[in-house]
Amino acid sequence: MNQYYDPNQGNKQQTVQEQDIVMRSRRLLDITGVKQVESFDNEEFLLETVMGFLSVRGQNLQMKNLDVEQGVVSIKGKIMEIIYLDDQQGEKAKGFFSKLFK
């Protein structure tokens, strides 16, 4: 999302993709670096981000803002869990995806 000049790369500019997660009072969550929203309901959001798949779980979750061009998603509701689903979690990620695609 931001462009930085790297003197070691000559005159080339490279894009550095960053991700920020900001939570306010456990009721509002702003996430940057979102590539796409895979699925969502009032208890769980599954987001593909520049850092991997991100699962947000909670109660009464609603999408407050979605800006696909900027890669920003805002979620409101009671946030219970924020977790990245990657290879290091192995079985938990497999279990989640197997439930998702039944």
Side-chain angles (χ1 to χ4, degrees):
M1 292 178 49
N2 295 322
Q3 292 186 348
Y4 294 97
Y5 175 72
D6 184 0
N8 297 328
Q9 297 274 330
N11 290 334
K12 296 180 182 177
Q13 284 187 348
Q14 86 182 38
T15 301
V16 177
Q17 296 181 329
E18 295 181 348
Q19 179 174 26
D20 294 318
I21 299 175
V22 178
M23 184 168 25
R24 292 183 203 97
S25 301
R26 203 173 169 185
R27 291 275 175 200
L28 182 60
L29 190 64
D30 294 321
I31 304 168
T32 63
V34 176
K35 291 182 177 181
Q36 70 180 34
V37 177
E38 291 289 327
S39 66
F40 67 95
D41 59 28
N42 64 346
E43 293 182 351
E44 183 170 29
F45 277 67
L46 179 60
L47 310 170
E48 183 181 359
T49 72
V50 296
M51 298 293 203
F53 283 93
L54 180 69
S55 173
V56 178
R57 295 182 183 156
Q59 298 171 342
N60 301 319
L61 299 180
Q62 299 174 356
M63 190 177 307
K64 182 179 177 196
N65 183 33
L66 172 62
D67 186 339
V68 178
E69 290 182 15
Q70 296 293 319
V72 177
V73 173
S74 296
I75 300 170
K76 70 177 184 177
K78 185 173 184 182
I79 310 299
M80 305 293 272
E81 182 178 77
I82 303 169
I83 188 166
Y84 284 95
L85 305 173
D86 56 18
D87 293 337
Q88 294 174 354
Q89 292 185 318
E91 290 186 28
K92 187 169 185 179
K94 288 179 190 173
F96 173 75
F97 283 113
S98 67
K99 290 177 188 175
L100 182 66
F101 295 113
K102 275 188 176 180

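Here the NZ-CD distance, from Lys78 to Gln59, works out to 5.5 Å after rounding to the nearest 0.5 Å. To the nearest 0.5 Å, the span separating CG on Leu28 from OG on Ser74 amounts to 6.0 Å.
Legend: salt bridge (charged side-chain N to carboxylate O under 4.0 Å, His left out) pairs involving residues 21-35, not counting sequence neighbours, sorted by first then second residue: Arg24-Asp30. Within the structure, no pair that satisfies the salt bridge (charged side-chain N to carboxylate O under 4.0 Å, His left out) test touches residues 63-73, not counting sequence neighbours.
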**Report entry** Chi angles and distances behind the side-chain hydrogen bond (donor to acceptor under 3.5 Å, both in side chains) call for Glu44, Ser55
**Finding:** CA-CA 7 Å; Glu44 183 170 29; Ser55 173; 2.9 Å; yes

Report task. Might you work through the side chain to side chain contact (heavy atoms under 4.5 Å, CB included) test for Leu85 and Leu54, ending with a clear yes or no? Result -> CA-CA 6 Å; Leu85 305 173; Leu54 180 69; over 6 Å; no

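In this structure, the side chains of Val56 and Ile79 come closer than 4.5 Å at one or more pairs of heavy atoms. A 4.5 Å side-chain heavy-atom check between Phe40 and Leu46 finds every atom pair outside the cut-off. For the pair Val73/Asn65, no side-chain contact is recorded, criterion being any heavy-atom separation below 4.5 Å from C-beta on. Looking at heavy atoms from C-beta onward, Ile31 lies in side-chain contact with Leu47 at the 4.5 angstrom threshold. Within the 4.5 Å cutoff, no side-chain heavy atoms of Asp41 are placed close to those of Leu61.
The number of heavy-atom neighbours closer than 6.0 Å to CD of Glu43, taken from other residues, nucleotides and ligands shown, is 12 or below.
With sequence neighbours left out, the side chain to side chain donor-acceptor pair (under 3.5 Å) criterion links Gln19 to Thr49, Tyr84.
Nearest heavy-atom pair across Val72 and Thr32 is CG2-CG2, 4.1 Å. The minimum heavy-atom distance between Glu38 and Phe53, with the atom names listed, is CG-CE2, 3.6 Å. Of all the heavy atoms in Leu66 and Met63, the pair that sits closest is CB-SD, 3.5 Å. Smallest separation of non-hydrogen atoms from Gly58 and Met80: CA-CG, 3.4 Å. The heavy-atom pair separating Met23 from Ile82 by the smallest distance is CE-CD1, 4.2 Å.
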